[in-house]
Structures are given as C-alpha cells and as structure tokens.
Amino acid sequence: MIHEVLQSLSRVFASPARSPRMAVVLGRLLGAAFLVCMVTGLYSHAIQEPQPWMVFPTRPIQLYQVSQGLHITAGIACFPLLLGKLYAVQGRLFETPPVRSFPHFLERASITVFVASSIVQLVIGLLNTYQWYQLFPFPFRQTHFALSFVVIGSLAIHIGVKLPVIARHWSRVPDGSRPDNSSEPPAPSTVSVGGVTGRVLRWIDASPRPVSPGASRRGFLAAIGAATAALVAFTAGQSFRALDGLNLFGARKQGVGPQSLPVNRTAAAARVEQTALAPDWRLTVSGPAGTRSFSRDELAAMPQTEVVLPIACVEGWSQSATWRGVRVRELAALVGGGPESSVVFQSLEQRSSYARTEMGPEFARDDLSLVALELNGETLDLDHGYPARVIAPARPGVLQTKWLSSLEVSET
Ligand SMILES: Nc1nc2c(c(=O)[nH]1)N[C@H]1C(S)=C(S)[C@@H](COP(=O)(O)O)O[C@H]1N2
Ligand SMILES: [Mo]
C-alpha cells in the first residue's frame, strides 16, 4: 500500500518542469549563486577576523561594498532558485524504494544535509539583513560561517554523486536522442490505489497536462527567472545606488537618517549619549613614543582631509558619504607610528563586539583612512559617531568604529 502511494505520488509530481534537465539548469544557477556567496563570505569573514599574516587590498574603495552587495544579492536570489530546484526534483522525494543501496543512501543523506543546511543558512542570512538576529539564540556570524562549510561540503558531495546526470543534461539535447540512463529509476507505471487517498491522487493526476512539454518547461524557467530578477531588482538598491528607486523590500533605504545616511546603532542604543557629549571628552593616542590626548577643538585645528567613502554594512546596505577629519597616519606619527604600524581603536561604547577595532598597517597608513569629525559638510551627528569616528576604504561597516575614545599605535 505504502509502496503504491509513493509510486502514485511520484507520478503526480512528474511534470515536464520536473525533469533532470530542469534540475541541472537550476542547479547551475544555484551553484553559481552559492559560489558567489562563498567567495564573498570568506572575504568578509577574513577581514573581520584577520589572521596575523593577512594583508587586504585597500583599493578600489568600493571593494567591500561591492563584495558584500553581491553576497546579499546572490543570497536573496537563492530563495526562488532553491524553491524552483526543490520543485523540479520533488518526485525524487517519493521515489521507491526509499533506499536502494549504500551509495544511494549516501546520496540521499548528503542531499538531506545540503537542503536542510542551505535553507537554514539562507533564512538566517536574510533575517540578519533585517537585524532580526535576536530571533535566534546563537551568534549569527560564527554560525553562518560554520554552516557554510556544511553547505559547501554537502554540495560538493551532491555534485560529485550527480556528475553523470549533470554531464548528460548540461547542454540541451533533443529528448529522443538522449541515451538511456540505467541509474535513473524507471518511470513509474500506472498503479491502482484503493481508498480515499488513491482517489484523491488519481484526481490530481488526471489534471490536464500541457500539450507541449517544451513550452511548459520554458514557462517554468521563465517564472523562476522572473521571480529571481524581480527579487534582485527590488532589493539590490540597498547595496547598489543605481537601483535605489526600485528598492521595495531591501532592509535599508539610501539617504534616510541624520545627515542623509542610515544609522545602524544609535547613540542611545549604545548608551554613549552622556560620554559622547561630555565637554571634557578627549581622544587618547598612545604609541611607541608615548601618550597624548586631544580635545575635539585640537583635532579640528590639525590639517583636515576630505574623502568620499562608503559605509558598507555587512547586513547588505551601503551608502557613500563625504567625510572630513584627521588622517589616522598623521595622528599615529605624533606618537611614533610609521608605515608598518597597526592601530587599535576603542569606542566609548562598553560591552559591545563593535567597541574595539584593529586596523592593519595597509589601512592605517592609507591616505583615505581618517578619524572623521564631519559628515556631508556638517559636524558628525551624535548617531553617526560624534565626537569622532573611524572611516577607511574597503572595510566593512562594523569596523568603522563610532564614538572613539582612544587609538593605540603599535609596530608589527
Ligand atoms: N561603537 C560602535 N561603532 C559602530 C557600530 C556600533 O554599534 N558601535 N556599528 C557599526 C556598524 S555595524 C556600521 S554598519 C556602521 C554604521 O555607521 P552609521 O550608523 O554612521 O551609518 O557603524 C559601525 N560602528
Ligand atoms: Mo553594519
């Protein structure tokens, strides 16, 4: 009975869109999107948790912005692609017998791990772009990073196992001329199933079929393609300025917030309102040649540099702005720093993983790396890091520390 129901189900789900060719076409797109996510994700992880030997490019200044924009956009595109792919292979879920051999068991186990881990990966990634990480009881970044190896590992096994099918259906071949494949399960035969279930199944199964399977297949692909393109077009504006007008669902809008720039964490949320506005605020700068401290007026009296740099949040939104302030390199030089110095920045904010940032020599000596005092022609808004904040090229937003209290210069 169970056997018959399964067979009937697989027949119900056998539509032209559910072909190996469709699975391969969608799988390729999905594979490409996963690859983009993996490469950009590893870069983002490395720059946030650098190993001592790592050196990062500081140009183009939009490097992190583009990389993270691609990460989030490709991740969003995975939703319709993955749903389409699952639809295309759905019949296999009910294939009989469920396990035919040990290799077949491995294949099914790896695909189960892959589907489950990639759904979790995509969902927590999306939730994170909306800052809904309070919803899950584990640290986002570490979990997302660890899970990526499960996703990529099980994907590699899946691709390896499916290589024959992938090769056979890689390019479009007229169905008649496709060589028979004995490793694929035979097409389910018509079966009679008794009882209510059977009648329901037969009723669904009897629904009219499209006359031309080719057209339906193309229609299905077009629908998935349109869904993907629409989703990308309506969210990518959070990362790519040209698409801002279309940004309907993206987590952030461009130009919204004090001084036309979005705020990620406000001064109130960071509990720095009092310390940041205190009249006796000073920036402590220490290094090989000793320690000095500067009031905001003293910093403003030093040579000022103006730069145009983006804030590129790991959560996907990014926006360019004009910043003015003192070069990190020039401040470091006052306490004995040189071109090989790295700098540790400390915020007034307490107990936050964003309160302390390390900057390697390649960024610390860069002409565009500033302790910024002004944003878009005005004194830095309190929510953007008044009295002083870090801004540097090709770095993620999380490392652009706001409400600075000190700089520690050390030789590496
Ligand atoms: N001290 C401190 N600095 C911080 C943060 C923070 O929470 N605390 N958030 C960071 C993040 S995640 C981003 S994206 C940028 C955003 O800067 P903005 O709020 O001025 O746009 O600030 C960064 N600097
Ligand atoms: Mo961020």
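As the structure is a prediction and not an experimental result, all values here were calculated from the model. Start at 1 and go down the list; that is how both ligands and their atoms are numbered.
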What atoms of ligand 1 come within less than 4.0 Å of a heavy atom belonging to [X]?
X	result
V398	10 (C), 11 (C), 12 (S)
R265	7 (O)
W403	1 (N), 2 (C), 8 (N)
C313	14 (S)
T401	3 (N), 24 (N)
S347	1 (N)

Of all the heavy atoms in R389, does at least one lie under 4.0 Å from an atom in ligand 1?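 It does, in that a heavy atom of R389 comes within the 4.0 Å cut-off of ligand 1.
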Nearest to [atom], what protein heavy atom do you find, and at what distance?
atom	result
atom 24 (N) of ligand 1	Q400 O, 3.0 Å
atom 12 (S) of ligand 1	N264 ND2, 3.2 Å
atom 7 (O) of ligand 1	Y354 CD1, 3.0 Å
atom 11 (C) of ligand 1	G397 O, 3.6 Å
atom 3 (N) of ligand 1	K402 N, 3.0 Å

Under 6.0 Å between ring centres, would you say that holds for Y64 and F56?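 So the answer is no for these two rings.
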Indicate the atoms forming the closest heavy-atom contact of [X] with [Y], along with that distance.
X	Y	value
Q319	S260	NE2-O, 2.7 Å
K85	A23	NZ-O, 3.0 Å
L26	A88	CD1-CB, 4.4 Å
I47	A394	CD1-O, 3.5 Å
L147	S117	CD2-O, 4.0 Å

Return yes if some donor-acceptor pair links the side-chain N/O of K402 with the main-chain N/O of D383 below 3.5 Å, else return no.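 Side chain of K402 to backbone of D383, a donor-acceptor pair under 3.5 Å: yes, one is there.
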Name the residue from Q68, H71, H45 that meets the side chain to side chain donor-acceptor pair (under 3.5 Å) definition with T40.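 Exactly one option meets the side chain to side chain donor-acceptor pair (under 3.5 Å) with T40, and it is H71.
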Checking the N or O distance criterion of under 3.5 Å, is ligand 1 in contact with [X]?
X	result
W317	no
S352	no
E349	yes
P262	yes

Tell me whether R282 is salt-bridged to E298, with the criterion being a basic N under 4.0 Å from an acidic carboxylate O.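 Answer for the salt bridge query: yes.
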Please report the interatomic distance CG(L261) to NE2(H384), rounded to the nearest 0.5 Å.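 Atom-to-atom, L261:CG and H384:NE2 are 4.0 Å apart.
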